[in-house]
Amino acid sequence: MAVSATNWADEVDGEDQPQTFTDANGITTTIEYRTNEDGKKVKVTRRTQKKLIHDVVNKAVAARKKWPKFGKEKGNRPGPDPATTNVGDNIKLKLSSTGDVVQDVDEKHEAMKAQLQNKKILCRICKGDHFTTKCPYKDSLGMEDAAAAPAAAAEEAAPEEQQSGSKYIAPHMRAGASGTKGGDRDSIREKRDEQPTLRVTNLSEDVTEADVSELFKRFGHISRVFLARDRETNACKGFAFVSFTMREDAQRALEAIDGRGYDNLILRVEWAR
């Protein structure tokens with residue numbers, strides 16, 4: 001028993017202790033022996049190498065890193081301390097050609113937001129401060145009454161011959177309708193054409209709808225962006241249409257972007273015909 005105990009002690013003092021050595025390439029190898037869950041002795045080898053990396057930064061940034069800390073951080077080593085400092089996400093600033101930060105500020109839109117802030121959501125069923133679809137009483141009789149009210153109003157407005165007969169009559173041929181079906185289409189087309197729309201050409205193939213919207217939204221509210229794409233490659237065909245809510249905003253966008261460089265190309269902006 002004494003001999004076996006001595007051998008076990010020698011094994012623990014010699015072989016089971018971690019062994020560390022470094023080669024000519026600076027790679028440090030650490031060898032240690034452990035006992036796994038099955039009770040078997042395993043050999044664990046780790047190889048590590050330290051590298052010194054030099055990073056080129058701005059002189060002002062390098063000087064600021066050497067400033068002495070103050071307050072509760074006074075006397076601590078340089079750099080952020082994970083125990084007291086929480087590093088946030090990087091915020092990218094998009095600079096204009098003049099070097100100023102581009103700010104999408106519009107007085108008209110700010111006034112519109114101020115008006116909408118005073119309005120409250122009103123449920124059509126219980127008149128509560130929530131959406132109608134999330135009303136807790138929508139499955140009760142109140143929902144049926146709310147749905148029946150517009151139906152009853154539609155029946156009162158419909159002509160008597162439509163209520164009695166089962167024949168379908170087109171909306172433009174019903175009593176009280178003005179103009180023909182073609183006239184309705186023309187009126188819809190005229191209303192659609194009243195919206196100020198710009199045609200942007202000489203766009204690169206990599207441009208997306210988000211890029212066009214990001215380029216024009218600084219001038220005002222955009223109601224629609226259409227980017228022509230190839231059906232097979234899904235690449236941009238080189239032109240797009242941008243519709244604004246206000247004609248003044250569209251005019252300012254036309255004057256500012258027409259003839260300017262974007263993605264190594266000179267853009268051409270004109271009124272859509």
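- Panel note: side chain S243, backbone S223; no donor-acceptor pair is recorded below 3.5 Å.
- Here the side chain of R252 pairs a donor or acceptor atom with the backbone of F219 at under 3.5 angstrom.
- With N36 contributing its side chain and D38 its backbone, the two residues share a donor-acceptor pair below 3.5 Å.
- For the atom pair CD1 of I27 and CD of Q49, the computed distance is 4.5 Å after rounding to the nearest 0.5 Å.
- Remark: S213 OG to R218 CZ distance equals 11.0 Å, nearest 0.5 Å.
- With rounding to the nearest 0.5 angstrom, the CD atom of Q19 is 10.5 Å from the CD atom of E32.
- Residues H54 and L52 have side chains in contact (heavy-atom distance under 4.5 Å, counting atoms from C-beta outward).
- Taking T208 as the reference, D211 meet the side chain to side chain donor-acceptor pair (under 3.5 Å) condition, with sequence neighbours excluded.
- Between K43 and T45 the shortest heavy-atom distance is CE-OG1, 3.9 Å.
- Put simply, CG on L215 and CD1 on I257 are 4.0 Å apart, with the number rounded to the nearest 0.5 Å.
- Under the 3.5 Å distance criterion, the side-chain polar atoms of R229 are matched with a main-chain donor or acceptor of N234.
- For E205, the CD atom counts as loosely surrounded, since its 6.0 Å shell holds 12 or fewer non-hydrogen atoms of other residues, nucleotides or ligands.
- L227 approaches A240 most closely through the heavy-atom pair CD1-CB, 3.6 Å.
- The distance from the OG atom of S204 to the CG atom of L265 is 6.0 Å, given to the nearest 0.5 Å.
- The side-chain tip of R199 points at the ring of F239 from less than 6.0 angstrom away and within 45° of straight on.
- Nearest heavy atoms, R77 versus K69: O-NZ, 3.0 Å.
- The side-chain contact (heavy atoms from CB on, under 4.5 Å) test with L267 is passed by exactly one of D258, L203, T201: L203.
- For the pair D230 (side chain) and A235 (backbone), a donor-acceptor distance under 3.5 Å is absent.
- The CG atom of D249 lies 12.5 Å from the CZ atom of F216; values are rounded to the nearest 0.5 Å.
- Residues Y262 and N202 have side chains not in contact (no heavy-atom distance under 4.5 Å, counting atoms from C-beta outward).
- What you find for W271 and T197 is that their closest heavy atoms are CE3-O, 3.6 Å.
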Would you please test V242 and I222 for side-chain contact (heavy atoms from CB on, under 4.5 Å) and show each step?
CA-CA 7 Å; V242 182; I222 298 176; 4.0 Å; yes

